[in-house]
Amino acid sequence: MQFLKLPRLLMPHMRRIHHSLQPMPSQTTYKFDSIDDAVAIFHRMVEMHPLPSIVEFTKILGMIAKMRYYATAINLYTQMECKGVVPFTVTFNILINCFCHMGRLDLAFSIMGKILKWGCRPNVVTFTTLMKGLCVNDKMVDALYIYDEMVAKGIRFDDVLYGTLINGLCKSKTVKPRGAIQLLQKMEGQLVRPNLVMYNTIVHGLCKDGRINEARVLCSKMIVQGIFPDIFTYSSLIYGLCRAGQRKEVTSLLNVYCVNNKVDEARELFNVMIESGEQHDVINYNILMNGYCLNNDVDEAKNLFHMMIKRGEQPDIITYTILMHGYCLSDKVDEARRLFHVMIERGLVPDVWCYNVLIKGYCKINRVDEAMNLLEDMFLKNLVPNIITYNSVVDGLCKSGGIMDAWKLVDEMYYCGQPPPDVTTYNILLESLCRIEHVDEAIALFKRLIFERSFAPNVWSYNILISGCCKNRRLDEAMNLFNLMCFKNLVPDIVTYNLLLDALCNGQQLDKAIALLKYQILEQGISPNMQTYNILINGLHKGGRPKTAQKMAQHLFIRGYHPDVYNQ
DNA sequence: AAACGGGAGT
C-alpha cells in the first residue's frame, strides 16, 4: 500500500497554494500537425541559447500528453531536465498524468518526491490528477481511503475533484454508481455543492447499469435542488429507457408479460426535451433510433431519421451505422446495403464499424460471398479489418458449411497475425463443430489449441463444449468439463448451470438438479434467470412432481426472482 | 500558462 503515504506528503502543501514562485506567463501558442512536428520543435528548443522559458517547454509537453503520446512526453522531459531546464509544478502535473495513463501509478507517485526535491509545491491539480490516476487504474479503494483521510484532516476539495471521484466510482467495476451516490451524500456537510456534471455522471452510470428507476429518482432530487436536466441528462435517460426496454421476458410463474414498452417512454422523454426547447443534437437522435432498432422497429427509426433531417440535424456516420444495423437485425440486408451507398453519396466515409455491420448482416443470411466481397472492398479502401470483422466472417463461413474455409482463414490470422485470432474466434470454431454434432472433434480441437496455440479458454468456451456434450446425452463428460473449468479457476455462469440443470432434468435426475440449484447456484450468489426457472419447473412437471414444482416456483420467487426485480 | 469532471453504435 505504497500509495497511502501520499496524504502525509501532500497535506502540508494543500492548505495554501503558492503562486509567488511560479514562472511568468507567456502569450506564445503552438500548433502542430503531427507528433513529429511537436517533437522536432521540442528538440530545437532544447538546443537554443539561451534556453526558452520552462513555460514554453511545459506547453508543448502538455500538448503531447493531450495527443496521448505519454511515453514521448516523459522521454522529452528527461532530455529537457538534462539540459538544465528547471521544471515547475505544472510540468510535474503533466508527468503525473502521463504515468497514470500508462498504468504506472508507482512512477506517478514517485513524482511527488521529485516535486519536493525541486522545491516546488504540489497543488490541487496535482492531487486531482493522482486521484484520477487511481480511478482509471481501478484503485477506487485507495482513492476513497485517501479522500477520507484528507477530509478528516479538514482539507477542502473543489468540484473538479468531486467530479473526478464520482466519475471513477461510476466506472469502477466493483463500486458502481451506488458508491457515487454515497459520496454525493457525504458532500452535504462540505462547501462544494453537487453540480449538474456530478449528477449527470451518476445518472449516466445508473442508466448504463440498467437502473433506470434509480436514475429517475436522482433526477427528481436534482430538480428539487434547482439543478435542471440538460442535453446530457436527457440523452442518458433516453439511453437508459431504451436499454431497459430491450429485455422481453415472459415468466411461467405468474404468466406476467413484461412487454418492452420502455422505448415509448424514451420517445415521450425525447418529445418533452424537444418541446421544452432544450437543445438537441445528433447523439440524441442516434440513441433513440438505436432504441427502436434494437426493438425491431426499424421503421420508426427511419421516421426519426427523416425527422432529424427536416429539423436541420445532419445524420453522421453513426446514424447510418445504427440504421443499417437495424435493417440487418430484421434480415433486410439489401436495404442496409442501399443505405450504405446513400451514405457514401452524401459524402460520408464508411469506417470499419460500418463494414462490420454489413458483413455480419450478410453472414447471418448466409450470403458469405457478399461478406467476402465487402472484406475485399475494405482492403481496397485501406481500411484495416479488426477482430470483429474476421470473427463475423469466420462465423459466416462456418454456418454456411465452409468450415474448411473458416479454418484456412483462422490459420492465416494465426500465422500472419493481423489481427491474430482471439478466444471468440476459436469459440466460433468449437461451436460450429458442436452444432454439426462433432463433439469429439471439438474436444480434440480444444485440447490441441490449448497445447499448440496457448489458447486460453474462457467460460464461454466451456459452455460451448458442455452444451455439445449435453445435447448428445453425454452428461458425464459435461460434468468432467464443468469440474475442469472450476479447477482452472473459471467461474461458471448461469448459462453453464442452465445447461447442466437441463441435462439433469432430461436425464431424470431431478434430485441432483435441485441439489445443484440449492448448494451451488444459490450458494454462490448466482441469480437464476428466466431459463433456469423454465428448465426446473418444466422438468419437475414432466417428472411428475407438480408439488415440488410449485414449491420451487415459490422458492425462486422468494429468492428475488420475479419479473420486476429481474427487469431491474 | 497549464494540469483535473459528464452522452451514442457491431
Side-chain angles (χ1 to χ4, degrees), chain A residues 19 22-30 53-63 65-66 88-98 100 122-133 135-136 157-171 180 192 194-205 207-208 230-240 242-243 280-291 293-294 316-326 328-329 336 351-361 363-364 386-389 391-392:
Chain A
H19 294 289
Q22 307 283 306
M24 291 295 290
S26 94
Q27 297 300 313
T28 329
T29 51
Y30 298 89
S53 114
I54 178 61
V55 172
E56 307 308 323
F57 284 107
T58 304
K59 276 188 202 165
I60 297 176
L61 283 181
M63 292 175 79
K66 268 241 153 73
F88 74 120
T89 304
V90 177
T91 326
F92 291 120
N93 290 348
I94 294 171
L95 294 184
I96 290 175
N97 193 27
C98 287
C100 287
N123 61 20
V124 183
V125 178
T126 317
F127 188 66
T128 310
T129 311
L130 282 171
M131 282 295 217
K132 170 142 197 233
C135 292
V136 300
F157 301 105
D158 65 357
D159 49 351
V160 178
L161 186 118
Y162 275 103
T164 308
L165 275 181
I166 287 172
N167 189 33
L169 287 168
C170 286
K171 297 223 167 98
V192 180
N195 62 23
L196 185 56
V197 173
M198 296 172 200
Y199 276 112
N200 279 350
T201 308
I202 304 178
V203 167
H204 177 239
C207 289
K208 234 186 168 131
D230 68 351
I231 189 165
F232 287 91
T233 331
Y234 279 113
S235 61
S236 294
L237 287 173
I238 292 168
Y239 174 74
C242 288
R243 264 183 58 104
H280 51 92
D281 65 3
V282 188
I283 293 179
N284 280 292
Y285 282 96
N286 286 353
I287 293 170
L288 187 57
M289 279 173 65
N290 194 44
C293 286
L294 295 180
D316 64 6
I317 184 152
I318 297 173
T319 319
Y320 282 98
T321 310
I322 288 169
L323 215 46
M324 282 165 53
H325 182 224
C328 288
L329 281 178
D351 61 3
V352 177
W353 261 334
C354 254
Y355 275 97
N356 285 354
V357 166
L358 273 184
I359 287 176
K360 197 170 179 187
C363 289
K364 192 179 154 214
N386 60 21
I387 189 68
I388 296 171
T389 325
N391 285 348
S392 303

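Protein chains get the first letters and strands the later ones, always in sequence-line order, with residue 1 at the start of each. Both backbone and side-chain heavy atoms feed into the values below; hydrogens, waters and symmetry mates do not.
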Atom-to-atom span, [atom1] of [X] to [atom2] of [N] - whole angstrom:
X: A:Met324; N: B:dA8; atom1: CE; atom2: C1'; value: 16 Å
X: A:Tyr320; N: B:dA8; atom1: OH; atom2: C1'; value: 17 Å
X: A:Lys171; N: B:dG7; atom1: NZ; atom2: P; value: 5 Å
X: A:Ile54; N: B:dA3; atom1: CD1; atom2: P; value: 14 Å
X: A:Lys132; N: B:dC4; atom1: NZ; atom2: P; value: 7 Å
X: A:Asn93; N: B:dC4; atom1: CG; atom2: P; value: 9 Å
X: A:Lys364; N: B:dT10; atom1: NZ; atom2: C1'; value: 13 Å
X: A:Ile231; N: B:dA8; atom1: CD1; atom2: C1'; value: 12 Å

Report the residues that fulfil side-chain contact (heavy atoms from CB on, under 4.5 Å) with A:Tyr239, sequence neighbours left out, ordered by chain and then residue number.
A:Lys208, A:Arg243, A:Ile287

Qualifying residues under side-chain contact (heavy atoms from CB on, under 4.5 Å), relative to A:Asn290, sequence neighbours excluded
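Once residues adjacent in sequence are excluded, the partners of A:Asn290 under the side-chain contact (heavy atoms from CB on, under 4.5 Å) criterion are A:Leu294, A:Ile322.
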
At under 4.0 Å, does any side-chain N or O of [X] touch on OP1 or OP2 of [N]?
X: A:Lys208; N: B:dG7; answer: no
X: A:Asn97; N: B:dC4; answer: yes
X: A:Lys66; N: B:dA3; answer: yes

Which of the following nucleotides, [options], is nearest to the side chain of [X]?
X: A:Asn123; options: B:dG5, B:dA3, B:dG7; value: B:dA3
X: A:Phe232; options: B:dC4, B:dG7, B:dT10; value: B:dG7
X: A:Asp281; options: B:dA1, B:dG7, B:dT10; value: B:dG7
X: A:Asn356; options: B:dA3, B:dT10, B:dG7; value: B:dT10
X: A:His204; options: B:dT10, B:dC4, B:dG7; value: B:dG7
X: A:His325; options: B:dA1, B:dG5, B:dT10; value: B:dT10
X: A:Val160; options: B:dA8, B:dC4, B:dG7; value: B:dC4
X: A:Thr128; options: B:dA8, B:dA2, B:dC4; value: B:dC4
X: A:Thr129; options: B:dT10, B:dA8, B:dC4; value: B:dC4
X: A:Val197; options: B:dG5, B:dA8, B:dA2; value: B:dG5

Minimum side-chain heavy-atom gap A:Cys354-A:Asp351 below 4.5 Å:
yes

Report yes if the side chains of A:His325 and A:Leu329 come closer than 4.5 Å at any heavy-atom pair, otherwise no.
yes

Would you kindly say whether A:Thr126 and A:Asn93 are connected by a side-chain donor-acceptor distance under 3.5 Å?
yes

When you check the side-chain N and O atoms of A:Thr164 and A:Asn167, is any donor under 3.5 Å from an acceptor?
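Their side chains do not contain a donor-acceptor pair, so the 3.5 Å distance test is not met.
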
When we call it a touch if two heavy atoms are under 4.0 Å apart, what does [X] touch: a base, just sugar-phosphate, or nothing?
X: A:Thr201; answer: sugar-phosphate
X: A:Ile283; answer: base
X: A:Asn167; answer: sugar-phosphate
X: A:Asn195; answer: base
X: A:Asn386; answer: nothing

Has A:Asp281 got a side-chain atom pairing as donor or acceptor with A:Asn284's backbone, closer than 3.5 angstrom?
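Yes; judged by distance alone, with no hydrogens or angles, the pair exists.
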
Decide, applying a 5.5 Å centre-distance limit and a 30° plane-angle limit (both strict), whether A:Phe88 stacks on B:dA1.
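A stacking contact exists, since A:Phe88 sits close and nearly parallel to the base ring of B:dA1.
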
